[in-house]
Structures are given as structure tokens and as C-alpha cells.
Amino acid sequence: MLEKTGIPIDDDLKKVIPDKKRLAKGPVVIIECFQKIPCDPCAISCKFGAIKPFKDINDLPQVDFNKCTGCGICISACPGLAIFVIDKNYSEKESLVKLPYEMLPLPEKGKEVYALDRAGKIVSKAKVVRVQKIKNKTNIISISVPKNMAMKVRSIKVEDKNQ
Amino acid sequence: MRETDIAIIGGGPAGLSAAIYAASLGAKITLIDDGLELGGQLIKQTHKFFGSEAQFAGIRGIEIAKKLIQEIERCKNIELITNATVTGYYEDEVITIIQGADGNIMKKLKAQRIIVATGASENMLPFINNDLPGVYGAGAVQTLMNLYGVVPGNNVLMVGAGNIGLIVSYQLLQAGIKVEAIVEALPKIGGYLVHASKIRRLGVPIYTSHSLKEVYGTDWVEKAVISKVNKNFEFIPETEKELEVDTICLAVGLSPLSDLLWQAGCQMKYIVELGGYVALRDDHMKSSLDNIYIAGDVAGIEEASSAMLEGKIAGLNAAVSLGYRVDNFLELNINLRKELKELRANPLSEKVKIGLEKALIKREVD
């Protein structure tokens, strides 16, 4: 399906999502990279050795979730914009999703945006918790979403005041 | 007449890399490019590249171009002839160059070695009304948007889900332009799936096993009709769908720009896996003629990262063949070839590898 639509399905995702126990501990990376391509910046960017060094440049990323702190440095390093950080413990009712964002305008901290799923469908509203401007221009946006949306939301839509 | 050690034709990733490498060995280089500025397609690439750190992974194409051009400018033994087209190759190893906006400057250059790094041209697609204004090649859309800051249209249908179709769709979205859909005649997305996913999650549908059938409009594109296709790429009746678009962007593959190699008399072969007619070459990127080397898309359609490596190999070997010395020549060659091999060691490169095998001239000694 992924190869036909560009949307990963549950069978793809279950290979890259940490178990419930790890998710319950707090922020952790999810790398939605399912195809062998020559690319290794994620492993090089990780300062904790959580993304294991590649033997072959074409390897798929392998994550040691126990070493991952959810710092998110790999999010902007990934050329494919395929890396997200999820914090299921963000608050009682909400989870935090950190995602890469290369569109303009950037959302504003504290404002509401639309939360989109992997097909680009609006699935809920989200609150912008943090906007990190990154030197390589893959900025990192942290949004809070209802807990049941944490594994669905992978993009945002910002209302452009100029349009 | 002007003379040089190595003439390099084309200032994209392959030609720039070849020039830097050969110049570092001391060869006198003349680099000829038809653009107003060097860099070839790199200067339109706003996305981060894949590959390893040695191949600028994670860096945007436009930044890679800047780095290469800076290096070129530091080399005193590289002469640049820009805004110029090489129009002919003659038996006495002379090439003719037409320069200037009006093409009224003609130069002749005698080069002991020539590295042809001319790249590729975009393929056209036959469909009804494909000459209406609003029908663009993806390269033209990139040039308008990313070089000149001109919006090519408001509502785009992208044809082709290879890497170019996916990347240009993303760039259109970044420019605030609506991408109505991407159609792909093959049953699977051809480009990197991470590119596909990042567009998909911004709401752009990708229709595989679909193609563009016809376009309507009085003075420009007003409507497009897409249709499902079977595995022989024939339209399936009653599956048409109309899309309100004003722009068609074609990203249906590239063909090597090999005219000069034909004219020079290189042994040529049609290799479908490499995108069309290419010159046969040995693993030093030397063609069937001792004085002509090739690198980049003209040698077979691939990525910029492999083009840069091929350029280095061609530059190194062309310079050494002229007597320029480097201590660890054999080791350098082996390492560059190893890097290339690693880049191609993935399922998406299978086709290219089959093609390269068909294009290889086996050398007797190393």
C-alpha cells in the first residue's frame, strides 16, 4: 500500500513504534523510514547512540528505544522528513508530537493549528507548544494533541493570514 | 587557437566534481557551461540530499552547488566559459563553442582530453493539447520557481511519481501553490517513499496506475482528464476523472544528452535502464575513444550523488592519463568505485546496475 499511496499502513508502522511500556516512559523517537535508500544522517546525528550506526549506507535505521531521550535532534537531520518524537506523558489528556516543518508561515507558539494525519486529512485541532527554528531550515514544531491522536497526527496546517 | 589539457563540458554536479578533482592534480582545465551560473540542476534543488556525509548528505542541493562553485573559484588552473554551448566536435580534437545571449561569439578549443558531463533532457508525453500554455516540464517549473521566483500556475497536476515529480510537487507546495494530484502510470511510486509520504501528509493524493489522457482549454490549460491505465499503459475506458487545473507539470523521465558523443564517434548503445542512448565506458569512465570521458546523467540517468562520484573518477583518470601524478592513484580509484558501489547497493538501484553492466567496457589491465 505504501508503495501505491505514500501512506504507511499499520503493518509498516508496527515495525517502528516502541512498545507501550517505553511509550509510557515519555518522549521517544519514531522513524517512519521503510525503504532501503543510501542515507545515514539520522545515525550520525544521534548523540546517544540510540540510532545504531549503519553497517551499510542503505540500512534501515535501527533504534535502541532505551537509549533514546526524545531530544529530537534527528528530526531536522533526516533528509526524508520521516522522523517524529512522541511524548505520551505530556499531560493527563494530551500527547506531544514533535514534527519536521519546512512550510511558511511558521505557526506561532500558543496558537491553534489543524492537525493532519498521514493522508493529509484534518483529524483534530492542535496547540503549538514550541517552534524551534533550525539552521538547516527543517524547523521542529511541537504540538499537543488529544492522546488518541498521537499515533495519527503527522503534519499541521497553518492558516495563512495573508491569503 | 585556445588549448587546454582537459575540456569539461557541463557545469553540473558531475562536471564541477570532475573539474575540481582534475585541477587538484595540476591539469589545466577549461569548464564550459550553458547556464548563466554554474551548478546545473543543483541550483534548483532546495531539498536535503541523501547519501553519506562524504557525499553531502543532509545538505540542500543549492548549498552543495555553492560549496563546489567556491572550490572551483579557488582553483587557479580552471578557466570558465559560461553562458556557452559546445556545438561541435571535430576529428582534430577541436570543439566549437558558441557563447553569449545572442550566440554571436564563437570560440574554438583544442583539448587533449574531454569530459562530457552534459546531463540529460526531459522527456515529453504525448496527450491531446500537450502544446497548450500551462504544460511545463518539471525542470522548467523548478527554474521559474526556484531560480527566478516566478509562480508557474495556481493549481497543478503533476505527471510522474519518480523523485523529480515528488520533489517538485513538494517545492510547489512550499511556494504556496496547490498540487491537485500526482498521477503515475506505473503501479508503484518510483521515487523515494519518504518523499511520497511527506507530500501525502500535506494532502496531495498520489494515483498510481493512472496517467494524463488529455487537457482542455481555450488559451491555456483549464482542465485535465486523467484515467486509469492497465499494465500495458493503455487507458481503461470509463475510468476518466476531470481535474480543474491550470498547470500540467511533466516529470516523466530524462534522456541522456549524448549528441556530442555521437558526433565524436564514441561507441553508443541504447540501454533502457539508463534512460536511452549512452556511450560505452570502462570503470574509469573512459568511452571507447581514448580522449573522451563521461560522467553524470549523460552516462546514465541517476542521482546527483552518483554523478559527483563519476565526475571525480573521470577527472582523476583523465588527469593521470595526461601524466599528472598522484601518489595513491590506484587506491583513490578503488575507493571512489567502492563509494559508488555502496550508493547503488539498494533495491531502487537494481535497474541502473543492470544497465551499467551492459554499458561497461572491460579493461584488460588495472
Side-chain angles (χ1 to χ4, degrees), chain A residues 1-8 12 31-45 54-60 74 76-84 99-105 114-123 136-138 152-157 160 162-163, chain B residues 46-63 161 163 166 169-171 173-176 179 182 184 186-210 303 305-306 339-349:
Chain A
M1 273 304 272
L2 171 61
E3 286 182 326
K4 285 186 186 293
T5 62
I7 308 169
D12 301 312
I31 305 186
E32 301 191 3
C33 177
F34 307 104
Q35 184 184 39
K36 287 188 165 194
I37 57 173
C39 185
D40 67 359
C42 59
I44 289 166
S45 75
F54 286 21
K55 288 196 187 90
D56 182 312
I57 179 93
N58 296 285
D59 284 348
L60 291 178
C74 52
S76 52
C78 172
L81 272 60
I83 304 185
F84 307 86
L99 49 84
Y101 196 67
E102 294 183 339
M103 298 288 154
L104 290 172
Y114 293 112
L116 313 180
D117 68 5
R118 294 183 182 86
K121 205 177 94 198
I122 295 173
V123 287
N136 77 356
K137 294 180 181 163
T138 303
K152 292 199 167 76
V153 169
R154 288 298 175 266
S155 187
I156 55 168
K157 186 175 158 73
D160 189 346
N162 298 324
Q163 279 186 350
Chain B
T46 51
H47 64 286
K48 291 182 286 188
F49 274 45
F50 298 86
S52 72
E53 218 166 13
Q55 297 131 12
F56 303 111
I59 301 179
R60 297 177 194 280
I62 188 165
E63 301 295 332
N163 271 331
L166 298 175
S169 295
Y170 186 69
Q171 292 173 356
L173 295 170
Q174 285 180 307
V179 180
I182 303 175
E184 168 59 59
L186 291 167
K188 281 182 194 171
I189 293 164
Y192 291 163
L193 295 176
V194 283
H195 281 318
S197 297
K198 79 182 187 192
I199 300 156
R200 189 59 247 222
R201 76 175 95 100
L202 291 168
V204 179
I206 302 171
Y207 300 117
T208 44
S209 298
H210 276 74
E303 298 289 321
S305 39
S306 41
E339 258 187 85
L340 252 183
K341 200 174 164 193
E342 284 167 1
L343 265 190
R344 291 166 175 156
N346 62 76
L348 282 184
S349 298

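What you are looking at is a predicted structure, and each value in this text was computed from that prediction instead of being measured. Reminder, nothing fancy here: chain letters follow the sequence lines and each chain counts from 1.
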Problem - Between B:Arg60 and A:Thr138, a side-chain donor and acceptor under 3.5 Å - result: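 Side chains of B:Arg60 and A:Thr138: pair found under 3.5 Å.
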Exercise for the section: Let me know if A:Leu2 has heavy atoms under 4.5 Å from chain B in its side chain, its backbone, both or neither. Expected result: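 For A:Leu2, the contact with chain B is made by backbone and side chain together.
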Handout entry: A:Lys137 versus chain B, the contacting section by heavy-atom distance below 4.5 Å
Key =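 Answer is both: backbone and side chain atoms of A:Lys137 are under 4.5 Å from chain B.
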Practice task
Quick one: which of B:His47, B:Gln174, B:Glu63, B:Glu303 has the most heavy-atom pairs under 4.5 Å with chain A, could you say?
Solution key: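 The candidate making the most pairs under 4.5 Å is B:Gln174.
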Handout entry: Side chain, backbone, both or neither of A:Ser45 within contact of chain B (heavy atoms, under 4.5 Å)
Key =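 Looking at A:Ser45, nothing touches chain B.
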Exercise for the section: Heavy atoms only: give me the nearest A:Asp40-B:Ser52 pair and the separation to one decimal. Expected result: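 Nearest pair, atom of A:Asp40 first, then B:Ser52: OD1-CA, 3.6 Å.
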Exercise for the section: Can you tell which part of A:Ala119 gets under 4.5 Å to a heavy atom of chain B, answering side chain, backbone, both or neither? Expected result: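 Contact with chain B involves both backbone and side-chain atoms of A:Ala119.
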Handout entry: A:Ile44 versus chain B, the contacting section by heavy-atom distance below 4.5 Å
Key =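 The side chain, not the backbone.
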Practice task
Kindly say whether B:Glu342 contributes a backbone atom to a donor-acceptor pair with the side chain of A:Asn58 at under 3.5 angstrom?
Solution key: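 Yes: the side chain of A:Asn58 pairs with the backbone of B:Glu342.
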Exercise for the section: Side chain from CB out, backbone as N, CA, C, O: work out which of these in B:Phe49 comes under 4.5 Å of a heavy atom of chain A, or both, or neither. Expected result: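 Contact with chain A is through the backbone of B:Phe49 alone.
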Scan the side chains in residues 188-197 of chain B for donor-acceptor partners under 3.5 Å anywhere in the protein, sequence neighbours excluded, and list what turns up.
unit_1	atom_1	unit_2	atom_2	d
B:His195	ND1	B:Lys198	NZ	3.4
B:Ser197	OG	A:Gly6	O	2.7
B:Ser197	OG	B:Leu193	O	3.1

Exercise for the section: Please answer whether the main-chain N or O of B:Ser209 pairs with a side-chain N or O of A:Lys4 as donor and acceptor at a distance below 3.5 Å. Expected result: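 Checked: no pair found.
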Exercise for the section: Count the heavy-atom pairs under 4.5 Å between each of A:Pro100, A:Pro41, A:Cys33 and chain B, then report the option with the highest count. Expected result: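 Answer, by heavy-atom pair count under 4.5 Å with chain B: A:Pro41.
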Exercise for the section: Tell me, for A:Cys42 versus chain B, whether the close heavy atoms (under 4.5 Å) come from the side chain, the backbone, both or neither. Expected result: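 Neither; nothing under 4.5 Å.
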Handout entry: chain B contact via A:Glu102 - which portion, at a heavy-atom distance below 4.5 Å
Key =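 Contact with chain B is through both the backbone and side chain of A:Glu102.
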Problem - Portion of A:Lys121 that has a non-hydrogen atom of chain B nearer than 4.5 angstrom - result: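 No part of A:Lys121 comes within 4.5 Å of chain B.
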Handout entry: Proximity breakdown for B:Leu186 and chain A, heavy-atom pairs closer than 4.5 Å
Key =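 The answer is neither part of B:Leu186.
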Problem - A:Gln35 side chain reached by B:Asn346 side chain, heavy atoms, under 4.5 Å - result: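 They are not in side-chain contact.
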Problem - Contacting moiety of A:Asn136, where chain B heavy atoms sit under 4.5 Å - result: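 A:Asn136 touches chain B through backbone and side-chain heavy atoms alike.
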